[in-house]
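Below is one structure, written out as C-alpha cells; the observations come after it.
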Amino acid sequence: MIDEDLAAGRHTRVVTRFPPEPNGFLHIGHAKSICLNFGIALDYQGKCNLRFDDTNPLTENESYVRAIEADVRWLGFEWGATAYASDYFEFMFERAELLIRKGLAYVDSETQDEIAAKRGTIHEAGRAGAFRDRSVAENLDLFSRMRAGEFADGAHVLRAKIDLAHTNLLMRDPLLYRIRHASHYRRGESWCIYPMYDYAHPLEDAYEGVTHSLCSLEFETHRPLYDWVVRETEAPCRPQQIEFARLVLSYTVLSKRYLMQLVKEGHVSGWDDPRLPTLAGLRRRGVLPQSIRRFADMVGVARANSTVDMGKLEFVLRDDLSPIAPRVLCVLDPLEVVVTNWPEERTDWLDASLWPADVAMEGTRRLPFGRRLWIERGDFAETPPKGWHRLSPGAEVRLRHAYVLRCDAVERDASGAAVRLLCTADLATLNAAPVGRKVPGTIHWVAADHAVACEIRLYDRLFSTEAPGTDEARSFLTELNPASLVVMRDAKIEPSVVGSDPVTRWQFERQGYFQADPVDSTPSRPVFNRIVTLKDGWTKVATREEPAAPAPRAKAGPQPAQNPVTSSKRLSARADPTHAALVARGVDVDTADVLAADEALLAFFDGAVARSAADPALVARWVANEIVRETKTRRLADIPVTPQAFGDLVKLIADGTVSASAAKDVFARMAKDGTDPGAIVADAGLRQVSDASALGAVVDAVVAGHAADVARYRAGKTQLLGFFVGKVLQASGGSANPAMVRELLLARL
RNA sequence: UGCCGGAUCGUCUAAUGGCAGGACAGCAGUCUCUGAAUCUGCUUAUCAAGGUUCGAAUCCUUGUCCGGCAACCA
C-alpha cells in the first residue's frame with residue numbers, strides 16, 4: 001500500500017507515528033504497533049514520531065510519559081524530539097475557529113443528556129438541537145469565551161456541523177471541544193477547553209506531516225470523520241488513516257482497563273509484575289527486547305481479528321535465549337543424597353562446560369562434587385511410572401557432568417516420605433560411559449557443602465483460560481491462574497553463578513531460562529525469575545494416558561443449497577416484469593437478478609446491447625461482472641466507459657477478436673482513462689492469435705524451457721497446467737487463444 | 001435490526017486470475033551426559049451455494065457466521 005502511494009506520487013517520504021495516551025503502561029499489544037510504525041519508517045527511510053496523545057487532563061500524567069519513553073527505547077527504537085498533542089492546542093483552536101467561520105461548527109449549549117438523546121439511534125436519525133443554527137459571530141464569541149474560562153464544565157461544547165441523519169453515528173455532529181477546568185500535567189491551567197480525539201488526532205497527524213496513520217480496527221468507523229477533519233480544516237497535509245487488527249494473546253489480557261484493575265487491586269505486584277504482558281513486566285522477567293520484536297514480525301499485520309497463541313511467544317523466547325544462555329545447575333526443590341562411597345571431607349572440582357555442543361560458545365566453570373548432594377525431589381520416584389528415566393530404588397542415573405549414581409536405600413520420615421537417599425557413585429564413569437550397560441537418564445544436582453541458597457520465582461501464564469474476560473457471566477478475576485507464581489524459597493544453586501553479571505540470562509538445565517530479579521536479588525540472597533520453561537516432552541508423555549482427546553470439532557457441513565425462490569430479495573426481483581423481459585431475451589436468471597436490481601445498470605446494459613449487436617446474454621454477463629465490480633468503489637456515472645464503448649468491447653469478444661482474458665485487460669484500461677477498446681487492442685497487440693502452428697511454437701518453447709516443471713507435471717502434479725498456460729499467455733503478450741493453448745499443452749504434456 | 005469491517009491448516013499468516021506456501025503447535029523417527037536443542041519425515045486449510053473464466057482463495061451474485069459502532073475517553 002505504501003509502495004503504491006509512493007509510486008503514485010501521493011507522498012515523497014513516509015512519516016508514521018506511535019501515539020500513546022500517557023494514562024497507563026505499554027503492553028505487548030502496543031509493542032506490535034510500535035514495531036509496525038517504527039518498522040515501516042525504517043524500511044522506507046522515513047521517520048516515526050513518538051507523540052503523546054494528551055488531550056484529557058483528568059487521566060494523564062508525567063510518570064506515564066517517562067515509563068512509555070523508557071519502554072519504547074528498551075524495545076530498541078529511536079525517535080527525534082518527543083511530541084505532545086498538547087503542544088498543538090493553539091493550532092487546533094485556530095482550526096476550530098476556521099470551521100466555525102465556514103459554518104461547519106457550532107457551540108451547543110444543551111446538556112450531555114439532551115445531546116445524547118437527540119443523536120438518535122442506529123435505526124433513527126438524530127434531531128437538531130436548539131443551538132444548531134447559531135450565527136457565526138455568536139459561535140465565535142461563545143467559543144472564545146469558552147476558552148477564556150467564562151463557563152463551567154459542561155455548559156457548552158463545540159460540535160461539528162455535519163449531518164444528523166448520517167448512517168454513521170459518529171458523523172452526527174460529533175463533539176470537537178469540551179470544557180474541562182482541570183490542571184493538565186504539561187499545560188497547567190493555561191487551557192480549560194480540550195479537544196476530543198476525533199478532532200485532535202487528525203490534526204496532530206497533519207501537523208507533523210504524518211503520511212500513514214496506523215490505528216486499530218475499532219477506529220474504522222472513525223475514518224470518514226478523520227477525513228472530514230483533515231479536509232475541512234484545510235490541514236497542511238493529507239494523512240491517511242489505515243486500520244489493522246490489534247493483538248490479542250491467549251491466556252492473558254491486554255486491555256487497559258483489566259490491566260489497571262489487576263494492578264490497582266493488588267492481584268499482581270505492580271505494573272512490572274513479571275506475569276503481566278506489560279513491557280515493564282516482560283523486561284523485569286528477563287525477556288529480551290529482540291524477542292518482542294521478532295514476535296511482532298511473526299504475528300504479522302492483518303485486518304482480521306485473531307488471537308495469537310501464547311505458545312508462539314514462548315517459542316521465540318526460548319529460541320532467542322538458547323544461544324546466549326550459559327547452562328548451569330540449580331535444584332529447585334532439594335532432596336538430600338549421600339554418596340556412601342565418597343569420603344566425608346573430600347571435594348573434587350570438576351570442569352564443566354557452560355555450553356552444549358550445538359551452541360557455538362566456549363567456556364567452562366568449576367563444579368564442586370562432594371559426599372552430600374542435592375537433587376530435584378521430582379527426579380526421584382519410589383515406584384517409577386513406565387518410561388521413567390530418572391532415579392528410583394536400585395536404578396541408575398547420570399549426574400550431569402559427574403558420575404553415574406545408583407540408589408541403594410531410602411531413608412524416610414514418620415509419614416513415610418523420602419528424606420535422604422543413600423547412593424553409590426560409579427567412580428569409573430567421570431567423562432566416561434558406564435561399562436556394560438546403558439544409563440537412560442541424566443539429572444541435575446548441586447553439592448550440598450558448596451550450594452548457595454536462593455529464591456526462585458516460577459512464573460506461569462497469568463490466566464488459566466485461553467480467552468480471559470470474554471465470559472460476560474463472570475469476572476475475569478475468577479479466571480486467574482492460582483499457580484501463576486510459585487516461589488521456591490529453598491532452592492540450591494551452584495556457586496559459580498553468584499557474583500556474575502546480573503543481566504546474564506541463564507539456563508538452569510532441565511528447568512528453563514532464568515535471570516536475577518533486578519529489584520529483589522542481592523548477593524547474599526539471590527533471587528531468580530523464570531523467563532520461560534524448557535519444552536517438556538516428559539510431562540506430555542506422562543499425562544498422555546488420559547482418555548483420548550475428543551474428535552476435532554465437527555466441520556460445518558455443506559450448507560443447504562440455496563433455493564432461489566426462498567430468497568425474498570430475489571423473489572421480489574423476479575416478480576418484476578423487467579426481470580422477465582431480460583430472461584426472455586436470453587439472459588440467465590442469476591445475471592438478470594443483478595441487472596434488474598439497478599436501473600442505471602440496466603440502462604447501461606441496454607446501451608451496450610444496442611451498440612454491440614451481440615448476444616444480450618453475453619453483454620449481460622460482462623456488465624454483471626466487470627461493470628458491477630467498478631461500481632463497488634465509485635458510481636456508475638463516474639466510470640469513464642460509455643455503454644457504447646463497452647458495447648464495442650463485447651463485440652470484439654463476441655467475434656473472437658480478443659480473448660476473454662485479454663478483454664479484461666482492455667477493460668481495466670478503459671475503466672482507468674476511457675480509451676476506446678479498439679485502440680487499446682491495436683496498441684497493446686492483443687488481437688487474439690488462434691493460429692495453431694504459431695501457438696504451437698510458443699508452447700514448445702515454454703515446455704522446453706521448464707523441464708523440471710514438466711517432469712513434475714508428468715509425475716502427477718496436474719495443477720501445473722495453469723502455470724504453463726500462464727507462461728504461454730505471457731510469452732504471447734496476452735494475445736494467445738487460451739482454450740487453444742490449453743489443448744496444445746495437453747497434447748504436448 | 002441501520003452502517004462499517006472480516007472469514008485460508010488446531011493457531012497466526014502468505015499467494016499481479018496461473019504449483020494453496022511459511023511459522024507455531026501436533027505426530028513419527030534420529031541423536032543425546034539437558035526427556036531440551038539439533039536433524040529427518042509426516043498430518044492438517046481456502047465459510048456455503050451458484051455464476052464468470054482455458055483456469056477462481058482471488059472477480060460477480062446470494063446466503064451463513066463473526067467483530068466493531070449510539071462516552072463531554074482514546
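Because only heavy atoms are used, hydrogens play no part in the values below, and waters and symmetry mates are left out as well, while side chains stay in. Quick caveat, the model's predicted, so the values are computed rather than measured. A note on names: the letters A, B, ... follow the listed sequences, proteins ahead of strands, and every chain is numbered from 1.
- The side chain of A:Pro356 lies closest to B:rU34 when the candidates are B:rC33, B:rU34, B:rU61.
- For A:Leu169, whose side chain is taken as the heavy atoms from C-beta onward, the closest listed nucleotide among B:rG35, B:rC60, B:rG2 is B:rG2.
- Contact check, A:Arg119 against B:rC72: a side-chain N or O comes under 4.0 Å of OP1 or OP2.
- With its ring centre under 5.5 Å from that of the base six-membered ring and a plane angle below 30°, A:His389 counts as stacked on B:rG35.
- When the side-chain nitrogen and oxygen atoms of A:Arg178 are compared with OP1 and OP2 of B:rC73, one or more of them lie within a distance under 4.0 Å.
- Nucleic acid contact class of A:Met196 (heavy atoms, under 4.0 Å, all strands): sugar-phosphate only.
- Nearest to the side-chain atoms of A:Lys312 among the listed nucleotides B:rC54, B:rU11, B:rU61 stands B:rU11.
- Nucleic acid contact class of A:Gly722 (heavy atoms, under 4.0 Å, all strands): base.
- One can find a donor-acceptor pair under 3.5 Å joining the base of B:rG51 and the side-chain atoms of A:Asn625.
- Counted by atom type alone, A:Glu243 and A:Gln241 present one or more donor-acceptor pairs between their side chains at under 3.5 Å.
- Note on A:Val301: only backbone sugar-phosphate atoms sit closer than 4.0 angstrom, heavy atoms only; bases stay farther off.
- No contact: A:Asn168 has no heavy atom under 4.0 Å from any strand.
- Within the nucleic acid shown, A:Leu720 comes within 4.0 Å of at least one base atom, counting heavy atoms only.
- In this structure B:rC54 sits in a base pair with B:rG18, meeting the Watson-Crick or G-U test at under 3.5 Å.
- Side chain of A:Arg172 to backbone of A:Arg119: a donor-acceptor contact under 3.5 angstrom is found.
- The backbone N or O of A:Ser86 sits less than 3.5 Å from a side-chain atom of A:Asp54, completing a donor-acceptor pair.
- If you check distances only, the side chain of A:Arg621 never reaches the base of B:rU52 with a donor-acceptor pair under 3.5 Å.
- Residue-level contact check: A:Gln719 touches the backbone only, with heavy atoms under 4.0 Å from sugar-phosphate atoms and none from bases.
- Between B:rA37 and A:Lys535, a contact under 4.0 Å exists linking OP1 or OP2 to a side-chain N or O.
- Distances shown here put a side-chain N or O of A:Arg180 below 4.0 Å from the OP1 or OP2 atom of B:rC73.
- A salt bridge links A:Glu218 to A:Arg246: at least one charged side-chain nitrogen sits closer than 4.0 Å to a carboxylate oxygen.
- For A:Gln507 against B:rU34, a side-chain-to-base donor-acceptor contact under 3.5 Å is present.
- Across all strands shown, A:Ser216 has no heavy atoms under 4.0 Å from either base or sugar-phosphate atoms.
- Using a 4.0 Å heavy-atom criterion, one finds that A:Arg318 contacts no nucleic acid atom at all.
- Contacts of A:Gly441 with the nucleic acid, taken as non-hydrogen atoms under 4.0 Å apart, are absent.
- Between B:rC60 and A:Lys664, no contact under 4.0 Å exists linking OP1 or OP2 to a side-chain N or O.
- Residue A:Val157 is in base contact, counting any heavy-atom pair closer than 4.0 Å across all strands shown.
- For A:His444 against B:rU34, a side-chain-to-base donor-acceptor contact under 3.5 Å is absent.
- Contact annotation for A:Trp388: base contact, defined as any heavy-atom pair under 4.0 Å involving a base atom.
- Residue A:Lys256 has no polar side-chain atom (N or O) positioned under 4.0 Å from OP1 or OP2 of B:rC73.
- The phosphate of B:rA74 (OP1 or OP2) has a side-chain N or O of A:Thr55 nearer than 4.0 angstrom.
- Nucleic acid contact class of A:Leu729 (heavy atoms, under 4.0 Å, all strands): base.
- For the OP1/OP2 pair of B:rA70 and a distance below 4.0 Å, the side-chain nitrogens and oxygens of A:Lys118 include no atom meeting the criterion.
- Set against B:rA37, B:rU34, B:rA74, the side chain of A:Glu21 has B:rA74 as its closest nucleotide.
- When the P atom of B:rG51 is taken as reference, atom CG of A:Leu582 falls 19 Å away, rounded to whole Å.
- For A:Leu749 and B:rC19, the CG to P distance is 15 Å, given to the nearest whole Å.
- A:His201 comes within 4.0 angstrom of no nucleic acid atom, judged by non-hydrogen atoms across all strands.
- Residue A:Phe723 and nucleotide B:rG18 are not classified as a stacked aromatic pair, given the requirement of ring centres less than 5.5 Å apart at an interplanar angle below 30°.
- Using modelled atom types and a 3.5 Å distance limit, the side chains of A:Tyr251 and A:Asp309 yield no donor-acceptor pair.
- In the set B:rG50, B:rC12, B:rG5, B:rG50 carries the atom at the smallest distance from any side-chain atom of A:Asp590.
- Base pairing of B:rG2 is made with B:rC69, judged by Watson-Crick or G-U wobble geometry with both donor-acceptor distances under 3.5 Å.
- Between the side chain of A:Lys717 and the base of B:rC19 there is no donor-acceptor pair of N/O atoms closer than 3.5 Å.
- Distances shorter than 4.0 Å separate some side-chain N or O of A:Arg510 from OP1 or OP2 on B:rG35.
- Between A:Asp379 and A:Arg510, at least one side-chain nitrogen of the basic residue sits less than 4.0 Å from a carboxylate oxygen of the acidic one, meeting the salt-bridge criterion.
- Side chain of A:Thr442, nearest nucleotide from B:rA71, B:rU34, B:rC24: B:rU34.
- The closest side-chain donor-acceptor pair between A:Asn56 and A:Tyr197, if any, does not fall under 3.5 angstrom.
- Residue A:Ser661 is classed as a base contact, given a heavy-atom separation below 4.0 Å to a base.
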